[in-house]
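Letters go in sequence order (proteins before strands), and every chain restarts at 1.
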Amino acid sequence: MAPEIVLDYRPLWAVLISLVAAVLILLTGEKNRNLRETWTILAAFGKVAIVFSMLPMVLGGQVLESAPLYVAKGIVLQLRADTAGMLFAALASFLWVITSFYSIGYMRGHHEKHQTGYFAAFAVCLSATMGIAFAANLLTFFVFYEILTIATYPLVIHKRNPEAIRSGRKYLAYTLISGQLCLIAIIWTYVVVGHGNFQAGGFLTLDHASRGMLQFMFFMMSIGAAVKAGVMPLHGWLPDAMVAPTPVSALLHAVAVVKAGAFGILRVVGYVFGPELLKQIGTAEVLAWFAAFTIIASSLIAMNQDNLKRRLAFSTVGQLSYVVLGVSLLSPLGLLGGMFHIIAHAFMKITLFFCAGAIYVTTHKENISEMHGIGKQMPITIGAFTIASLGIAGVPFIVGFISKWNIALGALQTGQWLYIVVLIASAMLASTYLLPLGYLGFFKKSDKFTHYGEARKDMLIPIVITATFSIVLGILPNFGAHFYDLAAMSAQSIIDGIQLIGGGW
Amino acid sequence: MREQFPSLIVVVPLAAALLSPFIAYFSKTLVRWLAIAALLVSNISAVAVLIRVLNGGVWHYHFGGWAPPWGIEYVLDPLSATMAILVSFVALVVAIYSGPYVKDYAKLKAGIFYSLFLLLSVGLVGMMITGDVFNLYVFLEISSLAGYTLIAAGGNKATVAAFRYLLVGTIGASFYLLGIGFLYAVTGSLNMVDLAERLLPLLDSRVVIVAIVMIMLGFGIKMAAFPLHGWQPDAYTYSHPAATPLIAGVMGKVPAYAALRFFFFIMPATAGPVHKALQVMGILAAAGIIIGSVMAIAQKDFRRMLAYSSVAQIGYIVVGLAIGNSLALIGGVLHIINHAFMKSCLFVVAGGIRWRTGEYRIDNYMELNKKMPLTMGALIIAALSMVGLPPTAGFFSKWYLVLGAIEEGMWFYVAIIIISSLLNAIYFFRVLENIYMKKAEKEYKDIYKGRKLELPLQMLVPVVVLGIGILVLGIFNESLVTQVIQFAIPGGGL
Amino acid sequence: MLDFLTNSLIYWLFAILFLLGFFGILANNNFMKKLMAMNIMQVAVIIFFLLLGQKLGGTLPVIWGTDYVVEHYINPLPHALMLTAIVVSLSTTGVALALMMRIQDHYGDLEEDEILRRMNK
């Protein structure tokens, strides 16, 4: 079924609304904090309303396209809401609402400096994320991808201390270099094809360039996306970027930025090269190996991290590679699982980061070894943390299980048993590095945390919401935004004609 | 009147330049407005010319009614009209910007400053639109002489820099003059259109080859292309701060544009000696891009850093010429325009910082974002554009250059451009890091506590206009390319 | 030999003059000498242009009675061009002298190495 294309400017509004908010935030400044925060909240709600208003149409098989903006000869900037883009946009915009409230609580509770710049940069990041989700061609994608790189930089260096500056430099070095490599491949695509419009199932064929050249292009483009997705050995910036304030780590380094990388891989694999071509040139397999390696290695590293946020960072590195692995399996269920893992991991990891932030603001503890008995003080926070940890480990009825189940089935579809072993091993490793906090928090005796003192309300409520969603989506994966359907529809459109069989939920 | 627009572009600022020392005798304010008004007229005429040219095709304007090839002819095609707009616009903006600098001058000094400034603009605009190779030499020398003096106005170090530039610049001009002498010897013509016809059968003769080499040397020196850039860092660093944006932003680009005219319009560049010569220039430019960027990283003085970065950026333009297909030429021409905006913006900002805090060393650029947020906003945009990140203007010229290079299979240049943008990122983010993250020491804070935050309005407006201009050029470059540049490129129309 | 003397020698002389000036600018350390060398170079270019207009047996390009034969007059165009070039050369020299006076005032010297040493101090 060919999708029906509708001219609609809502994707554009979704991008612009937070850009406008960023300007308003900058103009308002520190003097009127409440007004400044109002802009953030308004933009967040506005964005989520715009994005979700498009949802029924997209689910109905329509594709919303804004009119192209001709930026240069033969190349256009265009936004288009298709199923895969919708999936990512709905996720990011919804979580921004929650994170906005949490941010305000965190920043005020922590008396952070430079709050105006923080909120403005955050809003710009969200604009860029929307742009990435709705990009209709490679150039648009790249433009927003680079905006995201730049807009995240002030957030990484938020603390302005030498450590933050060093991390910022590292972040820029990784992302800019990879971005330039990606750019070469993108320009090359434009030269050989004449356009870069994403198309489900890919638009490059062996007619366009020789096998070796295509392989080279694939790796260049993948490097661009894989750096943000933290695939080893390109993950170096991610743990260091954890010096940023926790809401940044939560939304950007668990959802927006890194997922933009994973989403980029999805676009490259599914919409530029296409499974058919990749099977012929055999490069996706290499990507899958890297992803599998990352899943195991990062889990092993995460076990040795005492700093909670760093441990979560390495967990993120591993979990993102699930997405990459699922996508690069090139089987329908693998694609489905990979895409759904973008959602699943987002809800779980944002919960974990929210909890880490709540603990930090309330008790000023960052290391797991100092958190013995903390569950007595903050039972709800630690409870939510435990739920999310179980989800990461892949326990049924929590959202993480669904995606892993589908990825595993996808591996079976292609007959690659090895990846199933990887998935199981990683699930076990995940439970060893994440569950201990729940255990230590609730069952270890300690006299440090005697009085009851939960986190601030504006931080606690987001935690509860995201934890709840992790469970609800685990039971009803189509609840709310029909994420599962969106993922299934995208997978189907990429692998046209192949019926989605099995896959349970 | 309408028929005379091309001459107005040049004559009005020229007349104003001659008048300004006398008018300055009566009023300094008046002379400032005279300069601004003259450049405005020049700018409007250029726009009018462009509109007419876009509708009615190339306009051959015979100066004084003398028919070519004996009389001097102005050739106004979409490209030269656009370039004239570019030069007169940047000159106009910088003229506004110069106000606060001139305010404290003695009357005569102010008059002479504006006189020289206008002469510089006249020379540069004239080079853009003239259709006569000797007339081009005259304009080149007008702009150079005004340039030497404006550079020398920057102080004692500047005088030495200006003198050294004068020597080197005269060598360059002599080479150019000798080159066109050789061409004249074999063709008997100095008119560009005429030359193009007559040169065609003679291209492989030894005289023409020598002429090509000499002209290339001449322009190479004037545009500070590597390795002929030795004069440039000192000159840009020490020159008069109110004139630097024009000198650095436009003066180097005009000879680059003239080279484009010479090697692609007068001579066929796709084969023969011109092609070979351009290949050599391309390789040298590639080396210049890398060396210029590396040298820029090593600098402590912001202005000097920008000067070295100009060496690299000129390299982009030359690389565009060296690749030589229409995409790369579009990239090169677009980069002339973009870089004029970016560099003027950066130097306007550098001058503004110096004006407000007295600092020009990057290490001392601390917490400037709190003192001058709008200026720093412009700086960020310009810096991102220099690095070539979308959606700023710099990205798109890079895009076309790389597109052209890949199409031609010249991977060497692709690698150079990419490496260079990363090097650019290093030195610009270093500056931004200093501005946004270094804590100002206490005494520094105290000194500047009482002062007003931003720059005076006259300086702030140019800063903001140029900053926004970079974004606008980036987002709307499509119309520029398809409506203007594309038609102007030999073999254009893609 | 006669052929060389009548046709080529003058061009060789011009080339030598030009290169002499070029060499002088590069090799001298004193700004004044550099300026003089620059003038020599400019004069060489001017002479070259004048050579282009020259014709054997030609006379001043002013119409002589009823003689309208082109070959009887030298080509006036290079002369006209060189008038402009001389003006340019003159003004360049003027600017250079002015700059040099300021350099002398401030540094008390016109030797390049000495000035550069003080400038970068």
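Heavy atoms from other residues, nucleotides or ligands lying under 6.0 Å from CZ of A:Phe219 number more than 12.
Here A:Leu176 contributes atom CG and B:Asn424 contributes atom CG; the two are 11.0 Å apart, rounded to the nearest 0.5 Å. A distance of 12.0 Å separates CG in B:Leu403 from CD1 in A:Ile186, rounded to the nearest 0.5 Å. A:Thr149 contributes atom OG1, which lies 8.0 Å from atom CG of B:Leu389 (distance to the nearest 0.5 angstrom). Separation of atoms OG1 (B:Thr392) and CD1 (A:Ile147) is listed at 9.0 Å; rounding is to 0.5 Å. Separation of atoms CD1 (B:Ile418) and CD1 (A:Ile187) is listed at 6.5 Å; rounding is to 0.5 Å. With values rounded to the nearest 0.5 angstrom, B:Phe429 atom CZ is found 13.5 Å from A:Ile165 atom CD1.
Residues B:Trp399 and A:Phe142 form no side-chain contact, since every pair of their non-hydrogen atoms from C-beta on lies 4.5 Å or further apart. Using a 4.5 Å cut-off on side-chain heavy atoms (C-beta onward), A:Ile157 and B:Glu433 make no contact.
Legend: residues meeting ring pair (Phe, Tyr, Trp, His ring centres under 6.0 Å) with B:Tyr427, ordered by chain and number and at least two apart, are absent. Legend: residues meeting ring pair (Phe, Tyr, Trp, His ring centres under 6.0 Å) with A:Phe134, ordered by chain and number and at least two apart, are absent. Under the side-chain contact (heavy atoms from CB on, under 4.5 Å) criterion, A:Tyr174 pairs with A:Lys170, A:Val227, A:Trp237, not counting sequence neighbours.
With a threshold of 4.5 angstrom between heavy atoms, B:Leu384 approaches chain A through side-chain atoms but not through N, CA, C or O. There is no contact between A:Leu26 and chain B, counting heavy-atom distances below 4.5 Å. Proximity to chain B (any heavy atom under 4.5 Å) is shown, for A:Gln180, by both the backbone and the side chain.
Note on B:Ser421, B:Ala425, B:Ala415: by heavy-atom pairs under 4.5 Å with chain A, the leading option is B:Ser421.
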(Q) Determine whether B:Val402 and A:Leu183 satisfy the following criterion, side chain to side chain contact (heavy atoms under 4.5 Å, CB included), listing intermediate values before the conclusion. (A) CA-CA 9 Å; B:Val402 176; A:Leu183 178 63; 5.7 Å; no
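Here the closest non-hydrogen pair linking B:Ile406 and A:Ile184 is CD1-O, 4.0 Å.
By a heavy-atom distance cut of under 4.5 Å, not one residue of residues 119-127 of chain A is near chain B.
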